[in-house]
Peer 1: 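Structure in structure tokens, see below.
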Amino acid sequence: MVAWNNFDTLTSYKKLASLANSVNLKEVMSGENGANRVKKYSVPMAGGLSYNFAAKQVDDDVLVALAELAAEAQLTEKYEELYNGAVINTGEKRLVLHQLSRGQLGKDVIADGVNKREFYVAQQKRAAEFANRVHKGEVTNAKGEKFTTVVQIGIGGSDLGPRAMYIALESWAKATGNLKMTAKFISNVDPDDAAAVLDSIDVAHSLFVLVSKSGTTLETLTNESFVKDALVKQGLDPAKHMVAVTSETSPLAKNSGYLAAFFMDDYIGGRYSSTSAVGGVVLSLAFGPEVFARFLNGAAAQDETAKNKDIMKNPSMLDALIGVYERNFLGYTATAVLPYSQALSRFPAHLQQADMESNGKSVNRFGEPVNYVTGPVIFGEPGTNGQHSFYQLLHQGTNIIPLQFVGFKNSQFGKDVLIEGSTSQAKLCANVVAQIMAFACGKDDENRNKFFAGGRPSSIIIGEQLTPEALGALLAHFENKIMFQGFIWNLNSFDQEGVQLGKVLAKKVLAHNTDGALKAYAELLNI
């Protein structure tokens with residue numbers, strides 16, 4: 001029987017509190033001790049990746065306590081409940097099925113009289129068939145010419161995840177001959193966003209993908225109107241340039257204003273929707289269905305590892321447990337995601353939403369206030385750019401911020417040059433290695449301005465190359481990490497009521513139904 005209890009009621013909570021600050025990171029990472037930890041504290045992932053946590057403030061005693069927490073909090077049992085179709089989203093009384101969009105982890109899940117795995121696979125097949133027809137020139141613009149560009153119109157999870165995934169694979173696709181269509185994204189209701197994208201493309205040869213589950217998202221429909229206006233002004237029929245990704249009950253479904261409609265449901269939240277039709281349509285059009293299938297396979301394989309009760313064989317759970325230890329017992333308020341890969345330039349932005357929208361909660365899954373801290377602030381930027389930006393604070397600031405590095409041994413293009421005895425890729429990898437040790441061990445100096453205290457923890461996910469399989473595994477790793485942390489904190493990680501209030505007030509402003517400070521602010525902006 002699964003029990004949903006607050007974190008601070010668990011026996012392991014007190015044990016972990018007693019172990020806080022028991023590991024001197026600077027000491028254990030120095031000399032041969034550090035070398036042994038690097039070899040010992042590494043866990044294989046799917047997609048050819050591995051999770052190395054040698055530079056975290058844990059030792060075997062802390063790991064034993066974390067394993068006890070995993071067992072006491074019933075993390076694998078709760079995951080099993082989730083993928084077998086339990087109502088995990090208590091706020092909206094919904095199932096949580098994003099893992100089912102890439103693989104069958106347990107028994108058949110029947111909801112609304114439908115086998116949901118079959119439903120997701122059917123939508124993937126429809127998206128694949130449509131993409132193939134577009135690539136073959138069977139679906140064309142009004143003049144019978146092939147589409148060369150695909151533009152996704154969405155916001156939040158309908159933009160951040162798919163955009164990050166596209167950017168992550170764009171260079172790889174170019175290098176391997178898998179780039180079928182260039183993709184662009186319109187998200188912000190700021191008219192400059194849509195205008196800039198439209199100005200950068202050949203509108204007549206562009207296919208637009210409108211993504212809105214309800215079919216009523218204000219920002220998305222506003223941008224759709226912006227795009228339709230541009231099409232009409234060029235003498236083009238918008239209905240021959242647009243497809244929809246929506247729910248089967250929305251006004252966008254079975255609508256003659258779209259070439260086709262592909263369906264999602266309420267059981268996959270926006271921030272978890274990159275492996276559903278939300279990401280599937282645009283990524284299949286951009287790279288081809290076979291590449292999208294490889295991406296799904298990587299995610300599915302990583303989901304399988306999350307079933308393992310042994311935390312040393314379950315990297316997503318281990319990462320989650322260490323993160324909770326850092327947040328609740330070491331007092332760290334933020335986590336920096338630092339990919340040493342330009343292809344992952346938008347991945348931290350996606351994780352900001354995925355993590356902070358999921359676990360940025362102060363009440364438990366039953367709506368009761370919790371007496372402990374929950375989700376951290378997530379931010380990041382690719383290396384080595386970040387080193388010349390905010391690493392100053394990370395190294396010498398008053399707050400210690402745990403770091404999650406991501407690095408690959410090989411670049412995507414494979415193009416490089418030898419300068420001063422080393423390639424660019426070698427310099428990139430050398431920088432991430434140096435940063436891990438600099439943060440962990442610091443540097444003594446009588447000049448306090450040049451003194452580095454060290455003791456700043458980090459982990460790194462390492463892969464051979466950022467391929468579709470590696471990207472899928474990386475995405476699933478973080479999705480499952482977020483899920484496990486929500487289970488530990490006894491949160492509902494799958495609603496987002498905090499997003500709604502601003503939307504309600506914005507509608508009041510636009511309707512001129514305001515008073516007080518809200519009215520005064522509106523007047524400042526000439527609304």
Side-chain angles (χ1 to χ4, degrees), residues 87-98 100-101 111-114 116 119-120 122-124 126-127 130 151-163 185-190 193-194 208-228 238-239 241-283 350 353-354 357-358 492-511 513:
V87 178
I88 298 296
N89 180 347
T90 50
E92 297 170 311
K93 296 179 173 60
R94 291 174 180 169
L95 289 64
V96 176
L97 300 180
H98 53 277
L100 198 58
S101 68
D112 306 323
V114 174
K116 298 310 294 185
F119 170 77
Y120 299 139
Q123 295 310 307
Q124 289 164 8
R126 292 184 62 238
F130 181 78
V151 181
Q152 180 124 318
I153 307 171
I155 197 166
S158 300
D159 169 74
L160 286 165
R163 187 195 294 250
F185 296 84
I186 297 173
S187 60
N188 200 332
V189 75
D190 182 341
D193 186 17
F208 297 87
V209 182
L210 184 76
V211 184
S212 173
K213 185 185 296 183
S214 66
T216 60
T217 310
L218 178 62
E219 295 97 331
T220 302
L221 295 184
T222 299
N223 280 326
E224 180 194 26
S225 297
F226 200 107
V227 168
K228 283 183 173 179
H241 286 260
M242 305 196 85
V243 300
V245 178
T246 190
S247 68
E248 292 180 290
T249 57
S250 95
L252 306 181
K254 299 175 183 177
N255 187 316
S256 60
Y258 305 93
L259 287 167
F262 305 93
F263 301 121
M264 52 176 157
D265 59 33
D266 287 331
Y267 306 125
I268 298 179
R271 57 194 177 274
Y272 298 105
S273 64
S274 291
T275 54
S276 75
V278 173
V281 174
V282 65
L283 296 177
H350 168 59
Q353 185 200 17
E357 197 168 83
S358 294
N492 175 15
S493 301
F494 304 104
D495 66 0
Q496 55 283 328
E497 292 301 328
V499 176
Q500 304 306 318
L501 179 59
K503 291 182 179 180
V504 172
L505 293 178
K507 288 180 179 179
K508 290 184 68 173
V509 171
L510 291 171
N513 180 24

Peer 1: Do side-chain atoms of Ser225 reach the backbone of Leu221 as a donor and acceptor pair under 3.5 angstrom?
Peer 2: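 Side chain of Ser225 to backbone of Leu221: a pair is present.
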Peer 1: Do Leu510 and Leu218 have side chains that approach each other closer than 4.5 Å (heavy atoms only, starting at C-beta)?
Peer 2: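 Yes - at least one pair of side-chain heavy atoms lies under 4.5 Å apart.
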Peer 1: To the nearest 0.5 Å, how far apart are OG1 in Thr222 and CG in Asn188?
Peer 2: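 Reported to 0.5 Å precision, the distance equals 11.0 Å.
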Peer 1: Begin with the C-alpha distance, continue with both residues' side-chain angles, and end with the deciding distance and a verdict on ring-ring contact (aromatic ring centres under 6.0 Å, His included) for Phe263 and Phe119.
Peer 2: CA-CA 9 Å; Phe263 301 121; Phe119 170 77; 7.4 Å; no
Peer 1: For Glu357, enumerate each residue passing the salt bridge (charged side-chain N to carboxylate O under 4.0 Å, His left out) test, keeping only those at least two apart in sequence or located in another chain.
Peer 2: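 Arg271.
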Peer 1: Within the structure provided, determine whether His241 and Val227 are in side-chain contact (heavy-atom separation under 4.5 Å).
Peer 2: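 SC-SC contact between His241 and Val227 ruled out.
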Peer 1: Please round to the nearest 0.5 Å and tell me the distance separating atom CG of Asp193 and atom CG of Asn223.
Peer 2: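 Asp193 CG to Asn223 CG: 6.5 Å, rounded to 0.5 Å.
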Peer 1: Do the ring planes of His98 and Tyr272 sit parallel (below 30°), tilted (30 to 60°) or perpendicular (above 60°)?
Peer 2: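 If you compare the ring of His98 with that of Tyr272, the planes turn out parallel.
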Peer 1: On a heavy-atom basis, which atom in Ser212 and which in Thr217 lie closest, and how many Å separate them?
Peer 2: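 Looking at all heavy atoms of both residues, the closest pair is OG-OG1, 2.9 Å.
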Peer 1: Without swapping roles, check the side chain of Asp265 against the backbone of Tyr267 for a donor-acceptor pair under 3.5 Å.
Peer 2: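 Pair found, side chain donor or acceptor close to backbone of Tyr267.
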Peer 1: Quick check: does any side chain N or O of Asp112 sit under 3.5 Å from a backbone N or O of Val114, one acting as donor and the other as acceptor?
Peer 2: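 Answer holds: no.
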Peer 1: Using side-chain heavy atoms (C-beta onward) and a distance below 4.5 Å, is Thr220 in contact with Val211?
Peer 2: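 Not in contact.
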Peer 1: Should Lys507 and Val504 count as side-chain neighbours, where that means a heavy-atom distance under 4.5 Å?
Peer 2: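 Counting from C-beta outward, Lys507 and Val504 never come under 4.5 Å.
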Peer 1: In Å and rounded to the nearest 0.5 Å, what is the OG1 to CG distance from Thr246 to Asn255?
Peer 2: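 Rounded to the nearest 0.5 Å, the OG1-CG separation comes out at 9.5 Å.
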Peer 1: Any sub-3.5 Å donor-acceptor pair from Lys213's side-chain atoms to Ile268's backbone N or O?
Peer 2: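 Yes: the side chain of Lys213 pairs with the backbone of Ile268.
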Peer 1: Mind listing the closest non-hydrogen atom pair of Ser214 and Ser250 along with its distance?
Peer 2: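 Here Ser214 and Ser250 meet closest at O-CB, 3.3 Å.
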Peer 1: Would a distance-only check, ignoring hydrogens and angles, find a side-chain to backbone donor-acceptor pair under 3.5 Å from Gln152 to Val278?
Peer 2: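 Judged by distance alone, yes, a pair lies under 3.5 Å.
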Peer 1: Return the CD1 to CG distance between Ile88 and Asp495, rounded to the nearest 0.5 Å.
Peer 2: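 If I round to the nearest 0.5 Å, the distance is 13.0 Å.
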Peer 1: Considering all heavy atoms of both residues, which atom of Asn492 and which atom of Thr90 are nearest to each other, and what is their separation?
Peer 2: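 Taking Asn492 first and Thr90 second, the nearest heavy atoms are ND2-N, 3.6 Å.
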Peer 1: Within the distance-only criterion (no hydrogens, no angle test), does the side chain of Glu92 pair as donor or acceptor with the backbone N or O of Gln496 below 3.5 angstrom?
Peer 2: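 No: the side chain of Glu92 does not pair with the backbone of Gln496.
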Peer 1: If I take atom OG from residue Ser274 and atom NE2 from residue His350, how far apart are they, to the nearest 0.5 angstrom?
Peer 2: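 Reported value, rounded in 0.5 Å steps: 5.0 Å.
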Peer 1: Using a 3.5 Å cut-off and no angle test, enumerate the donor-acceptor pairs between side-chain atoms of residues 154-163 and protein atoms at least two apart in sequence or in another chain.
Peer 2:
| residue | atom | partner | partner atom | Å |
| --- | --- | --- | --- | --- |
| Asp159 | OD1 | Arg163 | NE | 3.1 |
| Asp159 | OD1 | Arg163 | NH2 | 2.9 |
| Asp159 | OD2 | Arg163 | NE | 3.4 |
| Arg163 | NH2 | Ser187 | OG | 3.4 |

Peer 1: If you take all heavy atoms of Gly215 and Pro251, which pair is closest and at what distance?
Peer 2: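 For Gly215 versus Pro251, the nearest heavy atoms are O-CG, 3.9 Å.
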Peer 1: For the atom pair CD1 (Ile153) and CE (Met242), what is the distance rounded to the nearest 0.5 Å?
Peer 2: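 Ile153 CD1 to Met242 CE: 4.0 Å, rounded to 0.5 Å.
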Peer 1: Side chains of Ser101 and Ser276: donor-acceptor distance under 3.5 Å anywhere?
Peer 2: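 Note: Ser101 and Ser276 side chains miss the donor-acceptor criterion.
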Peer 1: So do Phe226 and Ile186 actually touch side chain to side chain, heavy atoms under 4.5 Å?
Peer 2: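 Not in contact.
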